[in-house]
Each structure stands twice: as C-alpha cells, then as structure tokens.
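These figures come from a predicted structure and were not determined experimentally.
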Protein chains: 2
Amino acid sequence: MSRTATSNARAPRADARRNRDHILDTAEQYFSKHGVGGSLDAIAKQAGVGAGTLYRHFPNREALLAALLAARDEALMSRRDELRTKAANAADALDGWLEALTEWAGAFDGLPDPLRAAAATSTSPLAVTCEGFITTTEEFLHAAQRDGSARKEIRARDLFLVALATSWVRGAALADGASAAALAGITRNGWELNPSRTRGVSPTTVD
Amino acid sequence: MSRTATSNARAPRADARRNRDHILDTAEQYFSKHGVGGSLDAIAKQAGVGAGTLYRHFPNREALLAALLAARDEALMSRRDELRTKAANAADALDGWLEALTEWAGAFDGLPDPLRAAAATSTSPLAVTCEGFITTTEEFLHAAQRDGSARKEIRARDLFLVALATSWVRGAALADGASAAALAGITRNGWELNPSRTRGVSPTTVD
DNA sequence: GGCTATACGGAGACACTCCCCGTTTTGTCA
DNA sequence: TGACAAAACGGGGAGTGTCTCCGTATAGCC
C-alpha cells in the first residue's frame with residue numbers, strides 16, 4: 001500500500017523505455033515485410049536486444065501486435081470523428097467506417113487472424129481493442145438502422161467480423177483491385193436497405 | 001518407354017497403401033480435434049509410422065489436406081448435381097452451392113487459410129481442388145446472372161472467396177448460430193438482384 | 001560512491017518440420 | 001521355394017522457432 005492508487009507501478013527505467021520503443025520500431029518494419037508470423041527472436045536480434053528483453057516487454061506475439069496497433073488507434077479515432085461529422089448520411093458513414101476497419105486490419109499481412117481470434121476469446125490484449133471498435137461499429141450501425149438504411153437483423157459484431165474477413169480475403173487476392181471493389185460492393189449490398197443513391201454500377205454494354 | 005502410357009508408375013506396394021490409408025484416417029481424426037495446424041509428427045506417431053513415411057506419402061501439410069479433402073469431393077459433387085436438378089431457381093441454386101462450399105471449408109478448424117492461399121498461388125495440391133470448385137461456382141453464378149437474379153459485376157472467384165471467408169468467420173463466432181445466419185444473409189443480399197421471394201425477414205416487433 | 005531494485009542477454013529446454021540413409025519388406029522370377 | 005532388386009520404412013538429427021531462467025549489468029537514489 002505504499003504506492004499511489006492511480007499508478008500502482010513506478011515509472012519504467014530509461015533503458016527499459018528505450019528498448020521497448022526500439023523493439024516496437026523494429027517489429028513494425030519486420031511485420032510489414034514478413035507478416036505477423038515473422039520470427040520474434042529475429043526481431044529481438046534485429047533490434048539489438050536479447051530474446052529475454054523482448055519477451056519481458058511483450059509476453060507473446062499478441063501483446064506485441066496490440067502495442068503496435070495502439071499506435072494506430074488515434075488515426076482510426078479521428079477517421080471516426082470525421083465520418084461522424086462529414087458523412088452525407090448514415091449509410092455512407094457506416095460504409096466509410098467499415099472500409100476504415102478493413103484497411104486497419106490489413107496493416108500487416110496475416111493480421112486478421114489474431115484479430116478474429118481476439119474478437120472471440122476476450123482474453124487477449126487485442127480483445128480490448130476489438131471490443132472498442134465493435135462498439136463504434138454499433139454506433140454507426142444503429143444510426144443507419146434508425147434511418148432505415150441498414151437491415152434491422154444485422155449486428156455490429158457480425159459487421160466487424162465482415163470487415164476482418166474482407167481484409168482476410170484481400171490478403172489473398174493479391175494485386176487484384178477488382179476483387180477488393182467487388183468485396184466492398186457485396187458487403188454494402190449485404191447490409192444496406194433501400195439504397196438512396198443509384199450507385200455507380202452502370203448498366204453499360206450488354207456483352 | 002517400357003511402361004504403359006496410361007499409368008506411368010507401377011502399382012504401389014501393399015504396405016505402402018496400408019500406411020497411406022492409416023495416415024489418412026489418423027490425420028482426419030487429428031485435424032478434426034486439433035485443427036489443420038496440428039503437429040504432423042504427432043500424426044505419424046499416432047498412426048504408428050515414422051515421420052519419414054508420412055513425409056514420403058505427403059510431402060507437406062497441404063498435400064495431406066488435399067488428400068483428405070479429395071475424400072469429400074464426391075459428396076460435394078453430388079450436392080452440385082442435386083442443386084442443378086432440384087433447386088427452385090438459379091438464385092436458390094447458387095445460394096445452396098455457396099452454403100455447401102462454406103460447410104466444406106469448415107471441415108477442419110483453420111482450413112480456410114490454406115484454401116485461400118491455394119486459391120491465390122495455384123502451385124499447391126489444394127489449388128487444383130479450388131479451381132475446380134471455382135468453375136462450378138461460375139456455372140451457378142452465370143445461370144443466376146443470365147436470369148437476372150445475380151448482379152452482373154460479380155465474379156465467381158470472388159464468390160468462392162466469400163464462401164471461404166464465411167467459413168473463416170464461423171470459426172471464430174463459436175457456438176453462435178445467429179452469426180452464421182447473419183453472414184449468410186449478408187452474402188445473399190450482397191450478390192442477389194431483384195429477390196423474387198420476400199424472404200423471411202419479418203418486420204417484427206419494433207423494439 | 002555505494003546500494004538495491006530493475007532490467008538485460010543469451011544459453012538452453014522444448015517443439016516442430018523435414019531430410020537423409022542404413023535397414024527391412026515386398027513382389028517377382030527362376 | 002529361395003534369392004534378389006526395387007520399394008518402402010523409420011527414426012536420428014539438422015535447422016528453425018518459442019519462451020524461460022538466472023547470472024550479470026546498470027539506472028536511479030541516498
């Protein structure tokens with residue numbers, strides 16, 4: 001009981017903070033190049049620290065990923081705020097949010113898998129992040145459902161999983177922009193009700 | 001040139017065939033329990049053969065999976081034939097086929113991942129299987145597009161990937177039947193055009 | 001300058017994939 | 001039936017990865 005109630009632990013040592021940051025930087029690079037499955041020991045070596053140091057800071061791959069994604073939270077939050085205020089209508093807002101989520105989940109190759117697992121288990125550092133974004137999804141979804149532009153039977157969690165799944169598919173449909181667009185279209189048609197705008201699909205040439 | 005043109009290799013030895021079958025049986029059980037990520041050495045041990053024997057028959061995990069799935073091909077084919085003849089219309093046929101694919105991809109935990117990879121690379125024993133099913137998907141999709149019940153811009157490969165993705169999501173949404181139904185609904189609304197039947201979604205209670 | 005909590009690093013236990021090669025088994029042909 | 005060559009077996013071991021443990025180093029404080 002000798003510590004303050006607000007911060008139960010004392011401030012980290014300077015070298016600890018330095019190493020942590022360095023590991024994070026290295027992991028960011030490494031996962032970008034090799035996907036989330038990249039060797040953790042290799043990251044430690046490349047960061048110039050021992051394996052023990054890496055595992056002390058991040059007990060497992062998920063913890064490391066969670067820390068990496070935390071750095072992106074802010075961007076996603078500001079995107080949310082932007083959609084809240086600037087979207088033309090609730091449907092576009094929801095669509096924009098799902099696209100933002102899909103991109104977020106595509107930050108590293110293979111990222112959708114641990115995210116999906118986290119969304120199911122809730123006993124993972126990633127789970128907290130996921131739950132937060134599901135709540136935001138719910139906000140946008142409810143708004144769209146209230147004004148009749150989204151189907152009533154759809155739940156936010158399912159839509160979140162759809163965004164992850166879209167990202168998952170994109171990881172395979174390499175270099176095929178058409179697939180990404182097709183997926184987005186299928187998803188939007190999937191949840192949308194009474195589309196107000198005749199969206200771009202021109203009747204075009206018959207053959 | 002001393003062999004017959006039709007079968008370039010001689011018949012396998014009796015013990016080889018026996019071991020192969022035994023490995024397959026064991027792998028079926030093992031993957032069912034532990035998912036497709038289960039240890040191959042453990043399968044060999046449980047099957048009572050050496051690791052070398054397993055790897056001689058199936059050079060890698062994908063080859064083993066492909067052999068396991070081959071045993072299921074027949075069931076899927078007969079489902080296809082059933083849908084061809086008994087489905088009320090092209091849309092229901094396509095829907096039924098996609099559901100069959102989704103179930104097929106859910107045979108083992110984690111199966112969608114190698115399937116997705118195979119659908120992209122085409123240099124894997126699983127790729128052949130995937131391509132075959134994509135072709136069938138194309139058949140059902142074209143029929144639906146011809147009679148105006150499926151959107152024109154959708155491609156068979158994308159729909160195949162959607163089926164895999166649905167299976168992938170189901171792997172997470174454990175024991176939640178509602179999610180499975182929701183996903184199926186989103187998918188169908190995603191590709192369907194001018195739904196002829198007012199499908200079950202009752203306007204129901206307002207709150 | 002010295003003391004202690006904190007943090008470091010890397011050796012090593014354990015697991016998994018996959019190759020290699022000496023040994024065993026099978027099928028065939030006299 | 002016996003013997004021989006091809007086919008197949010099995011498991012040791014190299015390579016790679018995860019994660020722990022503990023002797024050593026160092027930052028921060030008095």
Side-chain angles (χ1 to χ4, degrees), chain A residues 1-4 7-27 30-31 33-67 108-110 113-114 117 124-125, chain B residues 2-4 7-27 30-31 33-68 109-110 113-114 117 124-126:
Chain A
M1 303 272 188
S2 60
R3 307 259 170 67
T4 58
S7 83
N8 204 355
R10 68 179 56 177
R13 244 167 60 174
D15 54 349
R17 169 167 294 280
R18 222 183 311 122
N19 278 329
R20 195 191 127 96
D21 289 349
H22 199 192
I23 290 169
L24 244 19
D25 285 352
T26 308
Y30 203 87
F31 284 154
K33 188 176 297 176
H34 299 95
V36 297
S39 157
L40 297 188
D41 272 28
I43 290 174
K45 186 161 295 181
Q46 189 173 314
V49 304
T53 299
L54 187 151
Y55 284 99
R56 197 171 328 102
H57 284 288
F58 310 101
N60 52 50
R61 191 179 299 273
E62 297 211 330
L64 182 52
L65 281 173
F108 306 114
D109 197 55
D113 286 282
S124 135
Chain B
S2 58
R3 307 261 169 66
T4 58
S7 84
N8 203 355
R10 69 180 54 178
R13 246 166 58 172
D15 54 348
R17 170 168 293 280
R18 221 183 313 122
N19 277 329
R20 196 192 127 96
D21 289 350
H22 198 192
I23 290 169
L24 244 20
D25 284 352
T26 309
Y30 204 87
F31 283 154
K33 189 177 296 176
H34 300 94
V36 296
S39 158
L40 297 189
D41 271 27
I43 290 173
K45 186 160 293 179
Q46 190 173 314
V49 304
T53 300
L54 189 152
Y55 284 99
R56 197 171 329 102
H57 283 289
F58 310 102
N60 52 52
R61 191 179 299 273
E62 298 212 329
L64 182 52
L65 281 174
L68 244 23
D109 198 54
D113 285 283
S124 136
L126 288 173

Please report, rounded to the nearest Å, how far the [atom2] atom of [N] is from the [atom1] atom of [X].
| X | N | atom1 | atom2 | value |
| --- | --- | --- | --- | --- |
| Gln46(B) | dG10(D) | CD | C1' | 18 Å |
| Phe58(A) | dC8(C) | CZ | P | 11 Å |
| Ile43(B) | dT17(C) | CD1 | C1' | 12 Å |
| His34(A) | dG17(D) | NE2 | C1' | 14 Å |
| His22(A) | dG9(C) | NE2 | P | 11 Å |
| Asn19(A) | dA25(D) | CG | P | 17 Å |
| Arg20(A) | dA27(D) | CZ | C1' | 19 Å |

At what distance, to the nearest 0.5 angstrom, does CD1 of Ile43(B) lie from CG of Leu24(B)? 10.0 Å

For the atom pair CZ (Phe58(B)) and CG (Leu68(B)), what is the distance rounded to the nearest 0.5 Å? 8.0 Å

Would you list the pairs meeting side-chain hydrogen bond (donor to acceptor under 3.5 Å, both in side chains) in which at least one residue belongs to residues 51-66 of chain A, sequence neighbours left out? Glu62(A)-Ser124(A)

Asp113(B) versus Val36(B): any side-chain heavy-atom pair under 4.5 Å? no

Is there a side-chain polar atom (N or O) of Ser39(A) under 4.0 Å from OP1 or OP2 of dT18(D)? yes

Looking at dA7(C), I'd like to know if its phosphate oxygens (OP1 or OP2) sit under 4.0 Å from a side-chain N or O belonging to His57(A). no

Nucleotide by nucleotide, nucleotides 18-30 of chain C touches protein heavy atoms under 4.0 Å in the pattern (B base, S sugar-phosphate only, - none) B-B----BSS---

Residues 11-22 of chain B side chain polar contacts: donor-acceptor under 3.5 Å, at least two apart:
from, atom 1, to, atom 2, distance (Å)
Arg13(B), NE, Asp15(B), OD1, 3.2
Arg13(B), NH2, Asp15(B), OD2, 2.8
Asn19(B), ND2, Asp15(B), O, 3.4
His22(B), ND1, Ala47(B), O, 3.1

Exercise: identify the closest heavy-atom pair between Ala44(B) and Gly50(B): CB-O, 4.0 Å

